[in-house]
Amino acid sequence: MNIYPWLVRPWLFRFDPEWLHNTLIQQLHRWREHQGLRQFIHQQCTYNHLALHQQIWGCHFPNPLGLAAGFDKDGLAWDWWADFGFGFAELGTVTPQPQPGNPPPRLFRLSLDQAIINRMGFNNQGVAHLKKRLDTELAKRRIPLGINLGKGKDTPLDQAWRDYVYGFRCLKNYGDYFAINVSSPNTANLRELQAKALLEPILAALQTENDGAKPLLLKISPDLADEAIAALVDLVMTYRLAGVIATNTTTNRPRLKSAQAQEKGGLSGRPLARRSTEVIHFIYQQTQGRLPIVGVGGIFSAADAWEKIAAGACLLQMYTGWVYQGPGVVKAILQGLVERLTALNLGTISEAVGWAHRGRAV
Ligand SMILES: Cc1cc2nc3c(=O)[nH]c(=O)nc-3n(C[C@H](O)[C@H](O)[C@H](O)COP(=O)(O)O)c2cc1C
């Protein structure tokens, strides 16, 4: 029986959201050598099934469900995410220098909508700190780690490429893939970097630095019109990026019930689910399934996860759903996905990617 939603969550949600989040991350960091706790969490939260394994960009993903960027910005708990059942984890967003982010309060639970609004503003301890955190035994790594790169608050847009290249150069050996974040709504004008004239120099400079070594992905906003997404996909193909992460949070406020709905920032969770799935559908169609898509936005259940896989995502991420459903949700989602595969007589999750485009019922 899952006691999280009716016993644990009401108690946890009495605390300030940012305080609670920081406390969890700090405690995980402090208890990183606690083998008993690690074993307990591992037993409770992990689910391994061959049908969920995938090989993408030369990396082995034990399952398609990852932790989304923003949860562990500084990599303080990076070696826990495999024990919580995730198939990969994306650290960051990290900027070249440490920065405090926006003034609090900047993180709001919209419980009636099963959503979050955040305007954190890339609070993080900077590239050098993350490098130090990851500079421990590589053998400890059990799942792929992505690193999400951003630009500093005060870096002008036409100089932004320098920040992305700096972050990439410093962390190149520590990430299995890199996400180029040009879609957070909480750094002034950052999303303007999604325009071709500003994005091209970033992609060109990164790929020159990269020289084919690492998969680079573009994380995009759900608030773009179809034509803008199509233009971005063209750029992604031209610069041979490895994939797209769809999507970041939205600044739209689709019919919300919670009192805090009008807070400024990016909205995540259930109200984002449909739009992010639409974006996945669109990109899959545009690229005829040739571009790996990481689907993120409002995944709370196996049904939500399946919709995004069927729309064309080969990997998934979650943040808000984990907060609302608790750590047991990863295992539940993975079990549910395997049940779907079995019901449809599919051998592996790769066979299900883009299922909805083959004229089959989702
Ligand atoms: C509090 C919070 C902080 C976030 N910080 C980042 C970030 O630093 N970089 C980033 O690319 N996305 C960030 N995100 C967006 C998530 O990675 C994800 O794209 C979005 O929340 C949608 O997924 P979800 O509905 O499962 O939460 C953040 C989301 C939340 C809720």
Side-chain angles (χ1 to χ4, degrees), residues 16-22 24-25 65-75 86 88-95 99 101-102 104-110 113-125 130 146-153 164 167 177-187 190-191 193-194 217-223 244-252 254 260 263 265-277 279-280 293-301 304-305 307-308 313 315-325 329-330 333:
D16 170 75
E18 187 170 351
W19 178 86
L20 185 62
H21 180 265
N22 292 340
L24 170 72
I25 295 284
L65 186 55
L67 179 69
F71 202 95
D72 188 8
K73 291 179 193 270
D74 295 311
F86 288 109
F88 66 109
E90 191 171 306
L91 311 177
T93 296
V94 68
T95 56
Q99 56 178 45
N102 293 322
R106 53 192 183 175
L107 182 57
F108 307 90
R109 294 184 199 107
L110 281 66
D113 302 292
Q114 298 202 296
I116 291 175
I117 290 178
N118 92 84
R119 50 169 180 267
M120 305 301 289
F122 292 169
N123 56 311
N124 77 105
Q125 300 189 51
L130 180 58
I147 297 179
N148 182 304
L149 302 171
K151 80 160 191 78
K153 176 176 179 286
Y164 291 97
Y177 74 85
F178 289 81
I180 308 162
N181 183 4
V182 285
S183 47
S184 166
N186 301 314
T187 292
L190 185 89
R191 301 199 297 178
L193 295 176
Q194 292 174 117
L217 284 80
L218 189 69
K219 185 163 180 180
I220 67 168
S221 160
D223 301 335
V244 168
I245 304 177
T247 65
N248 215 313
T249 54
T250 176
T251 52
N252 291 338
Q260 286 169 314
E263 289 291 345
L267 174 74
S268 58
R270 280 222 197 269
L272 178 61
R274 191 200 284 184
R275 176 61 190 152
S276 80
T277 304
V279 175
I280 296 164
I293 303 169
V294 181
V296 50
I299 297 178
F300 279 61
S301 65
D304 302 330
E307 270 189 16
K308 284 190 165 48
L315 293 170
L316 306 168
Q317 294 177 327
M318 68 190 305
Y319 186 139
T320 308
W322 202 68
V323 171
Y324 277 91
Q325 307 292 73
V329 71
V330 174
I333 289 177

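When a ligand or atom number is given, it counts from 1 through the structure's own listing order. In this text, all values refer to a predicted model and were calculated from it rather than measured experimentally.
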Query raised in the report: How close does the nearest protein non-hydrogen atom get to atom 15 (C) of ligand 1, and which residue and atom is it?
Result: N248 OD1, 3.5 Å
Query raised in the report: Do N118 and S268 have side chains that get closer than 4.5 Å, going by heavy atoms?
Result: no
Requested in this report: Kindly confirm or rule out an N or O of V296 lying under 3.5 angstrom from an N or O of ligand 1.
Outcome: no
Query raised in the report: Can you find an N/O atom of N148 closer than 3.5 Å to an N/O atom of ligand 1?
Result: yes
Query raised in the report: When you measure from atom 8 (O) of ligand 1 to each heavy atom in K73, R106, Q317, R119, which option holds the nearest one?
Result: K73
Query raised in the report: Nearest non-hydrogen atom to atom 26 (O) of ligand 1 belongs to which of F300, Y319, F71?
Result: Y319
Report task. Could you tell me whether ligand 1 has any atom less than 4.0 Å away from a heavy atom of G298? Result -> yes
Query raised in the report: Between the side chains of S221 and N248, does any donor sit under 3.5 Å from an acceptor?
Result: no
Query raised in the report: Between K308 and S276, does any side-chain donor sit less than 3.5 Å from a side-chain acceptor?
Result: yes
Ligand 1 versus [X], non-hydrogen atoms closer than 4.0 Å: side chain, backbone, both, neither?
{"X": "N181", "answer": "side chain"}
{"X": "L107", "answer": "side chain"}
{"X": "T320", "answer": "both"}
{"X": "E90", "answer": "neither"}

Query raised in the report: In terms of ring plane angle, is the pair Y319 and H21 parallel, tilted or perpendicular, where the classes change at 30° and 60°?
Result: parallel
Query raised in the report: Atoms of ligand 1 less than 4.0 Å from L272 heavy atoms?
Result: 22 (C)
Query raised in the report: Which atoms from ligand 1 have a heavy atom of M318 less than 4.0 Å away?
Result: 26 (O)
Requested in this report: Without swapping roles, check the side chain of N124 against the backbone of F122 for a donor-acceptor pair under 3.5 Å.
Outcome: yes
Requested in this report: Please confirm whether the backbone N or O of I220 pairs with a side-chain atom of R191, one donor and one acceptor, at under 3.5 Å?
Outcome: no
